[in-house]
Each structure stands twice: as C-alpha cells, then as structure tokens.
Amino acid sequence: MALCLKQVFSKDKTFRPRKRFEPGTQRFELYKKAQASLKSGLDLRSVVRLPPGESIDDWIAVHVVDFFNRINLIYGTMAEHCSESSCPVMAGGPRYEYRWQDERQYRRPAKLSAPRYMALLMDWIEGLINDEDVFPTRVGVPFPKNFQQVCTKILTRLFRVFVHVYIHHFDSILSMGAEAHVNTCYKHFYYFIQEFSLVDQRELEPLREMTERICH
C-alpha cells in the first residue's frame with residue numbers, strides 16, 4: 001500500500017511534513033516489520049495484530065504516526081477541493097457535524113470550516129507526536145499512563161477525516177483513480193482500531209454502511 005499511495009498521491013501536497021522514525025530504534029524496527037507485512041499481501045486483519053513479545057504501546061505509537069502520515073497525505077492531495085466555500089462546516093453529510101475544541105484557542109466546541117478544522121487537527125497531532133512526554137523516543141523512557149487515551153483521541157479525530165473525505169469528496173477520489181488505495185488505507189485503519197478497541201463504536205456510525213461493504 002505504501003508504494004501505491006506514493007504513486008497516486010502527490011508528496012508535495014502533504015498537509016504536514018512526514019513524521020519519521022529514527023533508524024536503529026525499536027520503533028523503527030517495528031515500523032519496518034509492519035510495512036513488510038503490508039507489502040507481503042497478508043490479510044489486513046492479521047497485519048494489525050500485536051507481534052509476539054512486543055510492547056502494545058510501541059505498536060500503537062508506530063501505527064498512530066503511520067496513520068497520521070497516510071491520512072495527512074490523502075487529505076493534502078484533496079485539499080484543493082475542500083475550501084471555505086465548498087465546505088463551510090466540518091461535517092460528514094447532513095447528520096454529522098464535528099466541532100473543534102482544544103486547550104488553547106478553542107476551549108469550547110467551535111463550529112469551523114472543514115479546511116480550518118483539518119489545519120488545527122494536523123497541527124495538534126503533530127504537536128503530540130513530537131512531544132517527548134507523550135511519544136517518548138529515548139530508550140528506557142516509559143509512555144505516560146494516559147498514552148492509550150491520547151491515542152484514542154487522535155485516532156477518533158483522524159477517523160473524521162475519512163468521514164469527510166468519503167462523504168464530501170468521493171468524486172475527487174474517483175477522478176484521481178485513488179478509490180482502491182484510499183479503501184485499503186481505510187481498511188487498515190479500521191481493522192487496527194477494532195483490534196485494540198481504540199475508537200468508540202458510535203464514532204464509526206457515519207461510515208457504517210460503507211464499512212460493512214468493504215471490510216466484512
């Protein structure tokens with residue numbers, strides 16, 4: 001999938017610089033293992049399972065960063081079709097609207113355009129994965145006790161990017177010939193969050209019918 005995504009999507013349109021793993025680290029080795037499994041054509045359900053003897057927090061960290069990179073690339077390529085005028089509200093169809101809240105500028109849930117929401121989301125995730133107190137990279141430094149809760153929040157918000165892209169920009173996906181690649185990325189993401197129960201089932205409702213079609 002990694003090669004296909006690079007061929008379909010323009011790397012210079014990525015929304016944020018790619019977060020990379022330092023060669024020689026345990027997380028880099030886990031990342032290579034995960035990528036090798038993806039490229040081998042294994043069933044995605046088995047690819048997401050925790051390898052024997054590995055730390056679940058390291059495994060989740062590797063995937064959170066990788067999903068951030070992939071979804072960032074997908075949305076970055078679509079961004080020209082997602083404007084203040086075309087998407088004045090961050091939504092997933094008429095039934096679902098997502099409001100932004102953070103600890104700085106928006107302390108109460110705020111109604112924002114999709115591109116503004118996406119920009120804040122990518123900034124927020126980038127800040128977290130670059131924070132050594134949240135995503136430690138030094139050997140022997142433990143993950144914080146709330147690490148999986150933080151990852152749940154990140155993955156829940158990344159899922160909303162899929163919701164918006166699928167519901168509001170599916171024509172653009174088709175026009176680029178990218179449907180199969182976006183679907184594969186989505187399936188990988190979906191199987192991972194299901195394997196470790198990282199996103200509340202209610203959050204998955206906007207794409208339930210599509211998920212049942214392509215993931216079951």
Q. V89, L112: one ILVMFWY side-chain cluster at the under-4.5 Å cut-off?
A. no

Q.
Does any part of the side chain of L204, heavy atoms only, come nearer than 4.5 Å to the side chain of T211, both counted from C-beta?
A. no

**Q.** Identified side chain to side chain contact (heavy atoms under 4.5 Å, CB included) counterpart of C87 within the set R116, H81, H169
**A.** H169

**Q.** Contact summary for V48 and F196, nearest pair of heavy atoms
**A.** O-CE1, 3.4 Å

Q. Of the non-hydrogen atoms in Y75 and P115, which two are nearest, and what is the gap between them?
A. OH-CA, 3.7 Å

Q. Do the non-hydrogen side-chain atoms of V141 and E132 ever get within less than 4.5 Å of each other?
A. no

Q.
Using side-chain heavy atoms (C-beta onward) and a distance below 4.5 Å, is E195 in contact with Y191?
A. no

Q. Checking E179 side chain against L174 main chain: does a donor-acceptor pair fall under 3.5 Å?
A. no

Q: Answer with yes or no whether the side chains of S86 and S83 bring together a donor and an acceptor at under 3.5 Å.
A: yes

Q | Spatial distance of atom CD1 (I167) from atom CZ (F162) [nearest 0.5 Å] | A | 13.0 Å

Q: Take D200 and R202 through the test salt bridge (Lys or Arg N to Asp or Glu O under 4.0 Å) and record every step on the way to the result.
A: CA-CA 5 Å; D200 190 294; R202 291 171 295 183; 3.1 Å; yes

Q: Would you please test V64 and L155 for side chain to side chain contact (heavy atoms under 4.5 Å, CB included) and show each step?
A: CA-CA 7 Å; V64 167; L155 293 167; 4.1 Å; yes

Q: Mind listing the closest non-hydrogen atom pair of L50 and I56 along with its distance?
A: CD1-CA, 3.9 Å

Q | Where D131 and D133 come nearest, the two heavy atoms and their spacing | A | OD1-N, 2.8 Å

Q: Under the side chain to side chain contact (heavy atoms under 4.5 Å, CB included) rule, what do L207 and M210 come out as? Steps first, then yes or no, please.
A: CA-CA 5 Å; L207 295 181; M210 186 202 75; 4.2 Å; yes

Q) Do W100 and P109 come close enough that some side-chain heavy atom pair is under 4.5 Å? A) no

Q.
To the nearest 0.5 Å, what is the distance between OH on Y166 and CG on N183?
A. 3.5 Å

**Q.** W59-D57 side chain donor-acceptor pair, cut-off 3.5 Å
**A.** no

Q: Report the distance from atom CE of M90 to atom CG of L120, rounding to the nearest 0.5 Å.
A: 11.0 Å

Q: Using the side chain to side chain donor-acceptor pair (under 3.5 Å) rule, collect all pairs that involve residues 152-163, keeping only residues at least two apart or in two chains.
A: Y117-R160, R160-E203

Q. Taking atom CZ of F170 and atom CE of M78, what is their separation to the nearest 0.5 Å?
A. 9.5 Å

Q.
Do D43 and V47 have side chains that approach each other closer than 4.5 Å (heavy atoms only, starting at C-beta)?
A. no

Q. CG/D58 to CZ/F147 distance, rounded to the nearest 0.5 angstrom?
A. 8.0 Å

Q) Listed by chain and number, what are the salt bridge (Lys or Arg N to Asp or Glu O under 4.0 Å) partners of R108, not counting sequence neighbours? A) none

Q: Return the set of residues passing salt bridge (Lys or Arg N to Asp or Glu O under 4.0 Å) with R208 (not counting sequence neighbours), or none when no residue passes.
A: E205, E212

(Q) Between H188 and H63 (judged by ring centroids, cut-off 6.0 Å), do the two rings come close enough to count as a pair? (A) yes

**Q.** Which atom of V182 lies closest to which atom of I173, heavy atoms considered
**A.** CG2-CG2, 4.1 Å

Q: Assess the pair F135 and F143: is the distance between their ring centroids shorter than 6.0 Å?
A: no

Q: Just do the side chain to side chain contact (heavy atoms under 4.5 Å, CB included) check on C215 and Q194 with the steps written out, would you?
A: CA-CA 11 Å; C215 294; Q194 290 292 87; over 6 Å; no

Q) Can you check whether E126 reaches F68 side chain to side chain, under 4.5 Å on heavy atoms? A) yes

Q | Nearest non-hydrogen partners of V163 and P206, listed with the distance | A | CG1-CB, 3.8 Å

Q | Worked verdict on M176 versus T77 for side chain to side chain contact (heavy atoms under 4.5 Å, CB included) | A | CA-CA 10 Å; M176 289 190 296; T77 304; 3.6 Å; yes

Q) With R49, which residues qualify under salt bridge (Lys or Arg N to Asp or Glu O under 4.0 Å), at least two apart? A) none

Q. What's the spacing between Y98 OH and Y96 OH if we round to 0.5 Å?
A. 7.5 Å

Q | Partners passing salt bridge (Lys or Arg N to Asp or Glu O under 4.0 Å) against E209 (at least two apart in sequence or in another chain) | A | none

Q | ring-ring contact (aromatic ring centres under 6.0 Å, His included) partners for Y190, two or more places apart | A | none

